[in-house]
Participant: 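Right, I'll just put the structure down here and ask away after.
A note on names: the letters A, B, ... follow the listed sequences, proteins ahead of strands, and every chain is numbered from 1. Just the heavy atoms: all of them, side chains too, but no hydrogens, waters or symmetry mates, feed the values below.
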Amino acid sequence: MLDLKFIRNNVELVRQAIINKNEKADLDALLSIDDQRRKLQFEFDNLKAHQNSVSAIIAQRKKAGEKIDNELTEMSKVAEEIKGLANQLGATNAELEKLLLTIPNIPQADVPVGKDETANKVIKVWGEPKQFSFTPKDHLELAIQNNLLDLPRGAKISGSGFPVYTGEGARLERYLINFMLEYHCQKHNYTELMVPLAVNRKTMTGTGQLPKLEEDMYQIEKDDLFLIPTAEVPVTNIYTDEILIWKDLPKRYVAYTPCFRREAGSYGKETRGLQRLHQFNKVELVQFTEPEKSAEALEEILANAEAILQAFNLHYRVVTLCTGDLSFASQKTYDLEVWAPGTGKYLEVSSVSNFGEFQARRANIRFKDKTGKVRHLHTLNGSGVATPRLLIAILETYQQEDGTIKLPSVLDPFLRLTL
RNA sequence: GGAGAGUUGCCGGAGUGGUUGAACGGGACGGUCUCGAAAACCGUUGUACCUAUUAAAGGUACCCAGGGUUCGAAUCCCUGACUCUCCGCCA
């Protein structure tokens, strides 16, 4: 969330950000509640101060054996008043908090302004689309021919969008995950975490999924838990309500988790095969940085994610999301889109975002800087990368004319794994 | 799931319902001393919000969380979370 004082002092900037992000947030209501709250707070504080001072007098008199009846009757009235004010203040604060959580983060100045993905900007293209001497098949055909996937049975036991990987398909999926984890740990200096896949409401609110996206998540109602839509959620929140020290920053974490998304309202959109799933695997990179270093870290994470695609020698492009396509919590986001020659499309395999202090403020994650001052740090994350679309690109790119797959040699050490 | 114990500041650890933001110890930081360091001594050691913002200053809240009792709660009562021990169940 944004700093209330910042909002007060930059009303128009915030208003514009809401518009540019296509968000609906009632800024005026927020401001008027804030006003109301400050008035109540002032009244409350004054009355409390009065109560405190008289209470001290009562204590003295009582000790001295003097009469205190008058004070007591007056104070019981004051106590009533305070109770009333406290209730009002509590309700007002709750309302304020609720509104504040609906105000989106402000895009960085260098983010292109635009309504939807058509305004996104391609800033980099790596490699070239693979040329084939035959008509390339799409990944679903290839997967079926090679017995890598069993989608009907996945649908039978869970529903559509819950894939079953079979035999070599399951092994390949596992190797890909392992490859990426090892790559980021060994070459990019990340620390691996294994984290809970179900998290509580506070955690979901910390990274900004709640309250806006409740409809998009699988919920375990009995325990008020949610299945994570990305490892970003548990990993970023590990430091909730903590104060780190600048010497320990940046912190770099990598975590593999399955991700669960209801994808409500996106039926029929690019759903063939593994393109859009309710459960998929993803290796996620998360960094906690000093505010001055987050812009740099964003480029680093992008490069870390790109390194994976480059290792597989896959053609891809990097896109800067425009304001309208930016997520609620993000200040700036790069998408990595890998080329899938059989499907004939660029597929998003990674989203790399700088959240500034937005998440840190929600989750109350701070750090002590060089001067000893306690401030909110910056959080960032990026997929490094999501497997289903990576798998699509690999299958489609490395298919042979007979439909078999010749896997890229970087995977050899994993395929030969013997223990 | 059942029974018990606990949760206080950076850490350890006191705390009788009435100047307790919180004793005492440790750590950290600053200073004195020293060529330098150690030791010793002195001092400092919070966060959020509000009023005022030129500044200074003042006020309020916070002893796991939320309620309650009371003129007044770290202290009493209730509920919940978490940790530890024992029992049961279990991969």
Participant: Taking A/Lys83 first and then A/Glu80, would you say they form a salt bridge - that is, a charged N and a carboxylate O separated by under 4.0 Å?
Facilitator: no
Participant: Do NZ/NE/NH1/NH2 and the carboxylate oxygens of A/Lys202 and A/Asp241 come within less than 4.0 Å?
Facilitator: yes
Participant: Rounded to the nearest Å, what distance is computed from the NZ atom of residue A/Lys368 to the P atom of nucleotide B/rU45?
Facilitator: 13 Å
Participant: Set out, line by line, the N/O atom pairs under 3.5 Å between protein and nucleotides 72-76 of chain B.
Facilitator:
| from | atom 1 | to | atom 2 | distance (Å) |
| --- | --- | --- | --- | --- |
| B/rG72 | O4' | A/Ser55 | OG | 3.4 |

Participant: Could you tell me the separation between the CG atom of A/Leu309 and the CD atom of A/Glu337, rounded to the nearest 0.5 Å?
Facilitator: 11.5 Å
Participant: Atom CE of A/Met1 to atom P of B/rC49: distance rounded to whole Å?
Facilitator: 10 Å
Participant: Using purine N1 to pyrimidine N3 plus N6-O4 or O6-N4 for Watson-Crick, or N1-O2 and O6-N3 for G-U wobble, each under 3.5 Å, what pairs with B/rA22?
Facilitator: none
Participant: Give, ordered by number, those residues of residues 233-250 of chain A having at least one heavy-atom distance below 4.0 Å to an atom of RNA chain B; if nothing qualifies, reply none.
Facilitator: none
Participant: Are A/Glu215 and A/Arg262 ion-paired here, with the side-chain N under 4.0 Å from a carboxylate O?
Facilitator: yes
Participant: From NE2 of A/His50 over to C1' of B/rU19, roughly how many Å is that when rounded to an integer?
Facilitator: 17 Å
Participant: May I ask which nucleotide in the shown strands pairs with B/rA37, Watson-Crick or G-U wobble, both distances under 3.5 Å?
Facilitator: none
Participant: When rounded to the nearest Å, what value does the distance between P atoms of B/rU47 and B/rG43 take?
Facilitator: 22 Å
Participant: Any side-chain N or O of A/Arg38 less than 4.0 Å from the OP1 or OP2 oxygen of B/rU51?
Facilitator: yes
Participant: Which nucleotide in the list B/rC49, B/rC71, B/rU47 gets nearest to the side chain of A/Arg366?
Facilitator: B/rU47
Participant: I need the CZ-P distance between A/Phe42 and B/rC49, as an integer number of Å.
Facilitator: 18 Å
Participant: For residues A/Ala119 and A/Gly114, report the shortest heavy-atom separation together with the two atoms involved.
Facilitator: CB-CA, 3.7 Å
Participant: Please give, in whole Å, the distance from B/rA48 C1' to A/Glu97 CD?
Facilitator: 13 Å
Participant: Over 60° means perpendicular and under 30° means parallel, so tell me whether A/Tyr253 and A/Tyr239 are parallel, tilted or perpendicular.
Facilitator: tilted
Participant: Expressed as a whole number of Å, how far does the C1' atom of B/rA74 sit from that of B/rA14?
Facilitator: 12 Å
Participant: Before accepting this row, confirm whether a basic side-chain N of the pair A/Glu296/A/Lys293 lies closer than 4.0 Å to the acidic partner's carboxylate O.
Facilitator: no
Participant: Would you confirm whether A/Arg261, through its side chain, and A/Leu277, through its main-chain N or O, come within 3.5 Å as a donor-acceptor pair?
Facilitator: no
Participant: Applying a 3.5 Å limit to both distances, which nucleotide forms a Watson-Crick or G-U wobble pair with B/rG58?
Facilitator: B/rC50
Participant: Please name the nucleotide paired to B/rG9 by Watson-Crick or G-U wobble geometry with both distances under 3.5 Å, or report none.
Facilitator: none
Participant: Partner of B/rC84 by Watson-Crick or G-U wobble geometry, both contacts under 3.5 Å, or none?
Facilitator: B/rG4
Participant: Now, which nucleotide makes the Watson-Crick or G-U wobble pair with B/rU75, with each of the two distances under 3.5 Å?
Facilitator: none
Participant: In whole angstrom, give the distance that lies between atom CG of A/Leu96 and atom P of B/rA48.
Facilitator: 17 Å
Participant: Charged N to carboxylate O below 4.0 Å: is that the case for A/Lys282 and A/Glu284?
Facilitator: yes
Participant: Name the pairing partner of B/rA14, where a pair is Watson-Crick or G-U wobble with both distances under 3.5 Å, or state none.
Facilitator: none
Participant: Can you find a side chain N or O atom of A/Arg37 that sits less than 4.0 Å from OP1 or OP2 on B/rC50?
Facilitator: yes
Participant: How many whole angstroms separate atom CD of A/Gln60 from atom C1' of B/rU19?
Facilitator: 9 Å
Participant: When the P atoms of B/rA23 and B/rC78 are compared, how many Å lie between them, rounded to an integer?
Facilitator: 29 Å
Participant: Does a salt bridge link A/Lys137 with A/Glu396, judged by any charged N lying under 4.0 Å from a carboxylate O?
Facilitator: no
Participant: Just to be sure I understand the rule, does A/Ala49 reach a base, reach only the sugar-phosphate, or reach nothing, if contact means heavy atoms closer than 4.0 Å?
Facilitator: sugar-phosphate
Participant: For a quick check of understanding: with a heavy-atom distance under 4.0 Å over all strands, which category does A/Lys202 fall into, base, sugar-phosphate or nothing?
Facilitator: nothing
Participant: Is it true that A/Glu292 and A/Arg375 make a salt bridge, defined as a side-chain N closer than 4.0 Å to a carboxylate O?
Facilitator: yes
Participant: Rounded to the nearest Å, what distance is computed from the CG atom of residue A/Asp45 to the P atom of nucleotide B/rA48?
Facilitator: 16 Å
Participant: Whom does B/rG30 pair with, Watson-Crick or G-U wobble, provided both distances fall under 3.5 Å?
Facilitator: B/rC42
Participant: Each nucleotide N or O in nucleotides 63-70 of chain B that has a protein N or O under 3.5 Å away: list the pair and distance.
Facilitator:
none

Participant: If you measure from the Lys or Arg side-chain nitrogens to the Asp or Glu carboxylate oxygens, is any gap between A/Asp3 and A/Arg8 under 4.0 Å?
Facilitator: no
Participant: Taking NZ, NE, NH1 and NH2 as the nitrogens, is one of them in A/Asp45 or A/Lys48 under 4.0 Å from a carboxylate oxygen of the other?
Facilitator: no
Participant: Quick one: is B/rC50 close enough that its OP1 or OP2 comes under 4.0 Å of any side-chain N or O from A/Arg8?
Facilitator: yes
Participant: Compare every heavy atom of A/Gly206 with every heavy atom of A/Asn237, then report the nearest pair and how far apart it is.
Facilitator: OD1-CA, 3.8 Å
Participant: Rounding to an integer number of angstrom, what distance separates B/rC41 and B/rU83 when you compare their P atoms?
Facilitator: 42 Å
